[in-house]
Amino acid sequence: MMQSTLSKLKETGEALVKEYLETRNERIKAKIVEHYAPLIKNIVGRYNLHYSTTLSADDLYQFGILGLLKALERFKSNGVPFHAFAYKRIYGEVVDALRREGMIGRDKYEKVRKLETAVKNLTASLGREPSTEEVCRALDIDEKTYYDILNTSLLVYTTSLNTKISDDEGDFIYRIDTLTDESAMSPEEELENLDLKRRLKEIISNELSDREKIILALYFYEELTLADIRKVINLTEARISQILNQTLIKVRVKLMK
């Protein structure tokens, strides 16, 4: 029933976009914005902005609308559904806003990398996962700074595929659009991809707690917002964000071995 409802919603959106591209009717454009509003809210709701002093969810929602409108003007079917095309551009516009406000930057990337390295080294020397206090001592930072870096880590991990680059026509596209399709991979690339998937599956199955597995699945597979995850498990959005980020760092450290 749920899948059928989602399919109908997508079909309605595709039909609205088709009609707009044929007529350029502003009334249809307004309907498209209204129709895709839940998608924009979902993308914005996947970030913990409680620690931000410069951006609110409402601010990011406006940038999401801008991404939707840009997608609408640039969309050419070519067999690609508008929903998938728009998702990446809405997401990219939101990420750009976060980057402009200083929530993402070279210094933030470097701090996350140092945190990963500290966790990796401590895990190797202690023979177990280090505590927050042990990581703070190793990096000579306080607990607030540690959690600030954690809040940044999810943004760092997801922005590398949303970096703007110039295409052949001088327009901007997102790096995610240039990735090789799995069906076009070389045999060596296919083996490397399969090995990465195997290692990820082993880490998730054997190294993560049930709570960590649930949060990862709800966030990445079900694509729920932090607020929606809070309804499933009885934790605050801030705590869910902390666990999610700590889990991602743990998985990356395991992959670095």
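Take Leu21 and apply the side chain to side chain contact (heavy atoms under 4.5 Å, CB included) test, not counting sequence neighbours, and it matches Val17, Arg24, Phe75. With sequence neighbours left out, the side chain to side chain contact (heavy atoms under 4.5 Å, CB included) criterion links Thr132 to Cys136, Glu143, Tyr146, Tyr147, Gln246. Evaluation of the side chain to side chain contact (heavy atoms under 4.5 Å, CB included) rule for Asp59 yields Leu55, Ser56 as partners, not counting sequence neighbours. For Arg230, the salt bridge (Lys or Arg N to Asp or Glu O under 4.0 Å) partners are Glu237, not counting sequence neighbours. Partners of Thr225 under the side chain to side chain donor-acceptor pair (under 3.5 Å) rule, at least two apart in sequence or in another chain, are Asp228.
For Asp140, the CG atom sits in a loose shell: 12 or fewer heavy atoms of surrounding residues, nucleotides or ligands are nearer than 6.0 Å. Under a cut-off of 6.0 angstrom, the local environment of NZ in Lys114 is sparse, with at most 12 non-hydrogen atoms contributed by other residues, nucleotides or ligands.
Between the side chain of Ser205 and the backbone N or O of Glu202 there is no donor-acceptor pair closer than 3.5 Å. Between the side chain of Ser241 and the backbone N or O of Ala238 there is no donor-acceptor pair closer than 3.5 Å. Proximity of a side-chain donor or acceptor of Asn42 to a complementary backbone N or O of Leu224 within less than 3.5 Å is not detected.
When all heavy atoms of Ile90 and Ile40 are compared, the pair lying nearest together is CD1-CG1, 3.9 Å. For the residue pair Leu60 and Ala97, the shortest heavy atom distance occurs at CD2-CB, 4.0 Å. Residues Ala86 and Ala71 share a closest heavy-atom pair of CA-CB, 3.8 Å. A pairwise comparison of heavy atoms in Tyr47 and Val95 identifies OH-CG2, 4.0 Å as the closest pair. Across every non-hydrogen atom of Ala57 and Val44, the tightest pair is O-CG1, 3.6 Å. Closest heavy-atom contact between Val253 and Glu116: CG2-O, 3.6 Å.
One hydrophobic cluster, built from ILVMFWY side chains closer than 4.5 Å, holds both Leu244 and Ile204. Under a hydrophobic clustering in which Ile, Leu, Val, Met, Phe, Trp and Tyr are joined whenever their side-chain heavy atoms come within less than 4.5 Å, directly or via other members, Ile65 and Leu16 fall into the same cluster. In the hydrophobic cluster analysis, where Ile, Leu, Val, Met, Phe, Trp and Tyr join through side-chain heavy atoms closer than 4.5 angstrom, Val112 is grouped together with Ile141. A continuous path of Ile, Leu, Val, Met, Phe, Trp and Tyr side chains, each step under 4.5 Å between heavy atoms, connects Ile214 with Phe220, placing both in one hydrophobic cluster.
For the pair Arg89 and Tyr91, the NZ or CZ position fails the cation-pi test of under 6.0 Å to the six-membered ring centre and within 45 degrees of the ring normal.
The distance from the CG atom of Leu126 to the OG1 atom of Thr123 is 7.5 Å, given to the nearest 0.5 Å. Taking CZ of Arg137 as the start and OG of Ser131 as the end, the distance is 6.5 Å to the nearest 0.5 Å. The CG atom of Leu150 sits 11.0 Å away from the CD1 atom of Ile243 when rounded to the nearest 0.5 Å. Taken to the nearest 0.5 Å, the CZ atom of Arg252 stands 11.0 Å off from the CG atom of Leu115. The distance from atom NZ of Lys31 to atom CD of Glu19, rounded to the nearest 0.5 Å, is 7.0 Å. Remark: Ile240 CD1 to Ile233 CD1 distance equals 4.5 Å, nearest 0.5 Å.
No side-chain heavy atom of Ser153 sits less than 4.5 Å from a side-chain heavy atom of Leu248. Between Val135 and Leu139, some side-chain heavy-atom pair lies under the 4.5 Å cut-off. Side-chain atoms of Gln242 and Arg239, non-hydrogen and from C-beta on, do get closer than 4.5 Å to each other. Side-chain contact between Tyr61 and Val94 is absent, with no heavy atoms from C-beta onward closer than 4.5 Å.
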(message) Using the rule given for side chain to side chain contact (heavy atoms under 4.5 Å, CB included), can you reason through Leu68 versus Phe82, listing the C-alpha separation, both sets of side-chain angles and the distance that settles it, and then say yes or no?
(response) CA-CA 10 Å; Leu68 173 65; Phe82 178 76; 3.8 Å; yes
(request) Verify side chain to side chain contact (heavy atoms under 4.5 Å, CB included) between Ile215 and Thr247, making sure each step is shown before the conclusion. (result) CA-CA 9 Å; Ile215 290 176; Thr247 303; over 6 Å; no
(message) Between Leu216 and Glu212, does the side chain to side chain contact (heavy atoms under 4.5 Å, CB included) criterion hold? Intermediate values first, please.
(response) CA-CA 6 Å; Leu216 275 185; Glu212 289 169 337; 5.7 Å; no
(request) Check the pair Phe85 / Leu72 against side chain to side chain contact (heavy atoms under 4.5 Å, CB included), numbers first and verdict last. (result) CA-CA 9 Å; Phe85 184 83; Leu72 187 59; over 6 Å; no
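No hydrogens or angles considered: a donor-acceptor pair under 3.5 Å links the side chains of Thr145 and Asp142.
Salt bridge status for Lys29 with Glu34: absent, with no side-chain N to carboxylate O gap under 4.0 Å. Ion pairing of Glu110 with Arg113 is absent here, as no side-chain N (NZ or NE/NH1/NH2) approaches a carboxylate O to less than 4.0 Å. Between Glu14 and Lys18 there is no salt bridge, since no side-chain N of the basic residue sits under 4.0 Å from a carboxylate O of the acidic one.
Listed by first and then second residue, the salt bridge (Lys or Arg N to Asp or Glu O under 4.0 Å) pairs that reach into residues 121-135 are Arg128-Glu134, Glu129-Lys250, sequence neighbours excluded.
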